[in-house]
There are 2 protein chains.
Amino acid sequence: MPSDPSPRIAAGHETPPAPEAITWQTIRARALSRLRSGAWAPGELIPNEAALATEFGCARATVNRALRDLAEAGYLERRRKAGTRVVRNPVRKATLSIAIIRDEIEAGGHSYEYRLLSRRMAPPPRAVQDALGTNTHPCLHACALHLADGIPRVHEERWVDPGGAPGLMEVDLATTGANAWLVENVRYTEGTLSLSAAAAEAHIAAHLGCAPGSAVFVLERVTRMRETAITWVRMTYAPGYRMTTAI
Amino acid sequence: MPSDPSPRIAAGHETPPAPEAITWQTIRARALSRLRSGAWAPGELIPNEAALATEFGCARATVNRALRDLAEAGYLERRRKAGTRVVRNPVRKATLSIAIIRDEIEAGGHSYEYRLLSRRMAPPPRAVQDALGTNTHPCLHACALHLADGIPRVHEERWVDPGGAPGLMEVDLATTGANAWLVENVRYTEGTLSLSAAAAEAHIAAHLGCAPGSAVFVLERVTRMRETAITWVRMTYAPGYRMTTAI
DNA sequence: GAGAATATAATGTCTGCACATAATAGCCCT
DNA sequence: AGGGCTATTATGTGCAGACATTATATTCTC
């Protein structure tokens, strides 16, 4: 989201309404109100940049900035030559901030604890192989627990391709969380993320301190860095977890 | 996300590497590679725009565009006068596209069917009152089922504040889905969204055709339009559902 | 030395202009 | 008609210069 700190917070007590400078945020707000009011109806073509610039009394670049922002937000669809169209079914985009578990827990005012459960080399199961795009060669398999105030909150199961993150193989995972290491050392990665609900498997339930079969929130993530697969993780949250965001 | 269609797809077969125009994407790529390589280390201050413009041989505005984009993506933190700093713990931002169920189902190549289960006026439970910020006055309560190829996929429970969306009260919900109506008539809304896992309640399980207590994915959403609460919805997805996104 | 006033440096944004790019619309030719 | 070339048009982006906005740094005052 672009910063939008409402550029003008009223000037003095003398000056009437103040001429109000024309920033791109102004234009965006005016455009958005036309969208909300229906003046620019769904599917319709809106006036071109030059026309709007004239109408609003600003440079075309300013209109461009505003409309580009609305397009990024999913309200408008822009195509060269074809013009700018109001999107019919605005696909709402929710932005989830995937924080580091430790930060998330500490931000909630709890003490954080990390506990390594297991660590071994093994060929990953088929599903993980597919996700990582690797062969059947052995990978590092590690399980761990994240606790808040001593209470288990998240179970982490991870497969690491040794080729993708060489340094990680030497790290003492008992003290440094794999996630923390990766964030520090293999930054700026890409990947995919999937959220789902599942019945807790017995051994995970045992670690999380809930009944086997309990409904648990599961986050699976594949991390890559420029084509190279690095790691596959499955985070299983203890029952009651909610992931929240503004929309 | 800004569009980034790799502006230049090689010119001819004769011209060597082609001078390669300096676009803001170029600058962004070069900056990002410095981030990845560690040349610009976490927490560090990077050179200012003017310096980079000189170095890259472009206008300051171009550098600005590139750095602004990286800041939006969460890699950099920029403050006037203070300069531009590399973010220490880049909080990954996953963008979920919340599509309309119908679109989602039809996009998957399935036939879509909507079935209204119930509709009545009643005072909402306390939790919903809080979420909507309304009083105890009666609201519309509607339950419905979304089916793909005749198989139940999502159960929808909804509370609508009559004050927030007057027109909706008159709509024949049996034929028009509440969601569809809202998208068509009350666009450009805001709200909050929360994702969780839950054990399917008996009556919902019955509708979804799964065992009571099955782990189901639940999406709750409160929709507002400029302070006015409009609706609270809980979507319960049939077991097996996954919400996926690139990161 | 503490606090307030002031200078300064970095980013934010506007303007006006130019050209690049992409896609539609129209034309021409067969 | 049909197919392909060309003209046109709306958006995308670059540049240089200017001013606005905001913190930080510095200096001044008591």
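So you know, we letter chains A, B, ... as the sequences are listed, proteins then strands, and number each from 1.
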Gap between atoms [atom1] and [atom2], on [X] and [N] respectively (whole Å):
| X | N | atom1 | atom2 | value |
| --- | --- | --- | --- | --- |
| B:R65 | D:dG12 | CZ | P | 9 Å |
| A:N48 | D:dG12 | CG | P | 12 Å |
| B:D69 | C:dG12 | CG | C1' | 16 Å |
| B:R78 | C:dT13 | CZ | P | 10 Å |
| B:E77 | D:dA23 | CD | P | 12 Å |
| A:R85 | C:dA23 | CZ | C1' | 13 Å |
| B:L45 | D:dT24 | CG | C1' | 12 Å |
| B:R80 | D:dT21 | CZ | P | 8 Å |

Check: Which nucleotide in the set D:dT21, C:dT13, D:dG14 lies at the smallest distance from any side-chain heavy atom of B:T23?
Finding: D:dG14
Notebook entry, point to check: Counting side-chain heavy atoms from CB outward, which of C:dT13, D:dG12, D:dA10 is closest to A:E49?
Noted result: D:dG12
Taking only the side-chain nitrogens and oxygens of [X], find out if one of them lies under 4.0 Å from OP1 or OP2 of [N].
| X | N | result |
| --- | --- | --- |
| B:Q25 | D:dG12 | no |
| A:R79 | C:dT24 | yes |
| B:T84 | C:dA10 | no |

Notebook entry, point to check: Nearest heavy-atom pair of B:Y75 and B:L35: which atoms, and what distance?
Noted result: CB-CD1, 4.0 Å
Check: Going by number, which of residues 57-64 of chain A have a non-hydrogen atom under 4.0 Å from DNA chain D?
Finding: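 Going residue by residue through residues 57-64 of chain A, the ones with a heavy atom under 4.0 Å of DNA chain D turn out to be A:R60, A:N64.
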Item checked: Partners meeting salt bridge (charged side-chain N to carboxylate O under 4.0 Å, His left out) with B:R153 (sequence neighbours left out) -> none
Note to self: Using the salt bridge (charged side-chain N to carboxylate O under 4.0 Å, His left out) criterion, which residues pair with B:R85? Sequence neighbours excluded.
What the structure shows: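 Checked B:R85 against salt bridge (charged side-chain N to carboxylate O under 4.0 Å, His left out); zero matches.
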Identify, with sequence neighbours excluded, every residue that meets side-chain contact (heavy atoms from CB on, under 4.5 Å) alongside [X].
| X | result |
| --- | --- |
| B:A61 | none |
| B:S194 | A:R242, A:T244, B:E220 |
| B:A39 | B:R34, B:S37 |

Checklist line | Toward the 5' end of DNA chain C, by each residue's nearest nucleotide, A:A82 or B:R68 | finding: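 Taking each residue's closest nucleotide, the earlier one in sequence belongs to B:R68.
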Next item on the list: Please list all pairs passing the salt bridge (charged side-chain N to carboxylate O under 4.0 Å, His left out) test where one or both residues lie in residues 173-182 of chain B, with sequence neighbours left out.
Entry: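 The answer is none; no pair qualifies.
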Notebook entry, point to check: Is it true that B:R78 and B:E49 make a salt bridge, defined as a side-chain N closer than 4.0 Å to a carboxylate O?
Noted result: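 A salt bridge links B:R78 with B:E49.
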Under 3.5 Å, which protein N or O atoms sit close to an N or O of nucleotides 3-8 of chain D? Give each pair with its distance.
none

Note to self: The criterion is ring-ring contact (aromatic ring centres under 6.0 Å, His included); which residues satisfy it with B:Y241, sequence neighbours excluded?
What the structure shows: B:F217, B:Y237
